[in-house]
Amino acid sequence: MILKSKDVLGLEGMSAEEIRGVLEIAFRFRAVFDRPVRSVPIMRGRTVVNFFHEPSTRTRISFELAEKRLSADIVNFSAATSSFKKGETLRDTAENLAAMKIDMLVIRHSSPGSARYLANVLDCSVINAGDGAHEHPTQGLLDIMTMRQRLGDLRGKKITIIGDIAHSRVARSNIWGLTKLGAEVTLCGPPTMVPGVLERMGVRVEYDLRRAVAEADVLNVLRIQLERGAGKTFPGNREYHRMYGITNEVVRSLKPEAFILHPGPMNRDVEIAGEVADGPRQVILDQVANGVAVRMALIYLLSGGDPGALGSSN
Ligand code: CP
């Protein structure tokens with residue numbers, strides 16, 4: 001069995017073996033994307049609820065596509081049009097959904113720990129699609145998959161994560177996953193966004209952008225999370241761009257084979273220049289494509305799917 005838990009709540013709680021196992025299955029599903037028929041009937045008769053309490057484009061649609069490509073039945077829940085508006089609690093709402101005999105709940109919520117809270121009270125599987133500033137495990141896995149696609153084994157590879165680390169669930173999931181796989185992780189951004197205490201997670205903190213990127217194999221450029229108060233931690237977008245923005249000048253200082261990720265949505269010309277976001281070094285849409293494969297792999301494995309039944313990714 002690749003996954004030890006009934007739930008996927010974060011990469012902190014997953015072993016390197018589990019992460020490698022999920023990615024192996026994701027690469028096999030990725031191979032299906034190039035076929036004329038991209039659906040497989042392995043989740044027929046199973047029901048997944050997408051329980052989103054925060055805005056999302058990539059994660060919500062990627063989960064929905066993953067579920068559809070596995071032939072699952074899908075229900076999309078929107079907090080804005082639910083009895084949440086009448087004061088029903090998160091737990092009561094989730095227990096009502098579970099009483100309708102669902103097999104899996106995918107939750108995005110602004111509160112850290114909300115996915116774990118529901119996983120503890122529900123019998124069905126829970127997948128964390130982002131809980132506040134805590135973790136975003138499927139984003140972490142798709143980022144790692146995109147790095148492995150180009151670099152293979154990540155042991156000893158130098159990954160620099162740049163930006164608003166303090167508010168970032170993506171950064172946390174990347175740090176847990178990448179360090180477990182043996183990568184050397186550097187964090188970079190203004191001191192107000194990159195607390196030195198993060199070194200306790202086994203990473204290097206570097207406040208000078210040029211030094212942080214000089215030896216990097218990969219840059220993972222994070223969004224400035226204005227909705228979580230990040231705008232108060234630096235003087236303005238122009239200053240941020242001048243000090244920490246990834247511009248063509250920064251790209252010219254990278255190793256020739258280094259490449260650039262961004263989880264989206266992007267603030268163009270703040271954390272990343274538009275010309276870099278559209279340029280030859282970025283792999284942003286590869287990340288998006290890999291996201292569907294990662295989510296298919298997790299849903300398949302949590303449903304008791306047999307990894308051996310999928311054949312090889314080659
Ligand atoms: N990367 C990511 O989580 O994007 P969305 O907020 O659009 O889902």
Side-chain angles (χ1 to χ4, degrees), residues 8-12 22-23 26 48-69 74 76-80 104-115 126-147 149 159 161-178 189 193 218-231 246 259-268 270-272 276-277 282-299:
V8 174
L9 304 178
L11 297 194
E12 180 179 9
V22 170
L23 294 181
V48 184
V49 174
N50 298 315
F51 196 49
F52 276 62
H53 295 252
E54 261 192 355
S56 168
T57 299
R58 275 146 292 271
T59 311
R60 189 176 60 75
I61 292 173
S62 178
F63 266 111
E64 196 174 331
L65 271 176
E67 293 149 8
K68 284 187 169 150
R69 288 185 185 169
I74 304 170
N76 287 318
F77 169 94
S78 161
M104 204 171 289
L105 186 96
V106 177
I107 176 172
R108 170 170 286 195
H109 199 280
S110 56
S111 294
S114 48
V126 174
I127 303 182
N128 181 6
D131 60 334
H134 175 228
E135 279 225 40
H136 193 344
T138 57
Q139 181 70 47
L141 288 168
L142 75 88
D143 290 346
I144 293 169
M145 181 177 176
T146 308
M147 295 177 206
Q149 224 167 11
I159 318 293
I161 305 174
I162 303 154
D164 184 9
I165 314 290
H167 294 94
S168 177
R169 54 196 176 204
V170 177
R172 271 168 197 74
S173 291
N174 265 256
I175 293 167
W176 288 119
L178 288 166
M193 291 181 170
V218 183
L219 310 188
N220 196 354
V221 183
L222 303 183
R223 183 171 67 88
I224 305 303
Q225 305 210 21
L226 299 167
E227 78 278 17
R228 295 203 169 88
I246 305 305
F259 56 97
I260 299 167
L261 284 78
H262 191 303
M266 285 184 276
N267 297 304
R268 280 175 180 263
V270 183
E271 69 265 6
I272 187 165
V276 176
Q282 56 81 24
V283 292
I284 295 167
L285 297 182
D286 291 347
Q287 291 173 262
V288 175
N290 290 337
V292 180
V294 157
R295 290 164 181 130
M296 286 175 83
L298 290 172
I299 293 166

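Atoms within each ligand, like the ligands themselves, are counted from 1 in listed order.
- Among all protein heavy atoms, the one lying closest to atom 4 (O) of ligand 1 is R58 NE, 3.1 Å.
- Of all atoms in ligand 1, numbered sequentially from 1 with element shown, those under 4.0 Å from a heavy atom of T57 are 5 (P), 7 (O), 8 (O).
- With respect to the salt-bridge test (charged N to carboxylate O, under 4.0 angstrom), the residues R169 and E54 qualify.
- Residue G264 has at least one nitrogen or oxygen atom sitting less than 3.5 Å from a nitrogen or oxygen atom of ligand 1, judged on distance alone.
- When all heavy atoms are compared, the tightest approach of I165 to R172 is O-NH1, 3.4 Å.
- Checked by distance only, ligand 1 and T59 come closer than 3.5 Å through their nitrogen or oxygen atoms.
- The nearest heavy-atom contact from the protein to atom 6 (O) of ligand 1 is R108 NH1, 2.9 Å.
- Residues I127 and F63 approach most closely at CG2-CZ, 3.7 Å, considering heavy atoms.
- Within the 3.5 Å criterion, the main-chain N or O of P137 finds no donor-acceptor partner in the side chain of E135.
- S114 is linked by a side chain to side chain contact (heavy atoms under 4.5 Å, CB included) to L90, I107, H109, S111, D131, counting only residues two or more places apart in sequence or in another chain.
- Within the listing of ligand 1, atoms 1 (N), 2 (C) sit less than 4.0 angstrom from a heavy atom of Q139.
- Within the listing of ligand 1, atoms 1 (N) sit less than 4.0 angstrom from a heavy atom of P263.
- Assignment of H136 to the shell around ligand 1 is supported, since a heavy atom sits closer than 4.0 Å.
- Nearest heavy-atom pair, A79 versus H53, reported as atom, atom and distance to 0.1 Å: CB-ND1, 3.7 Å.
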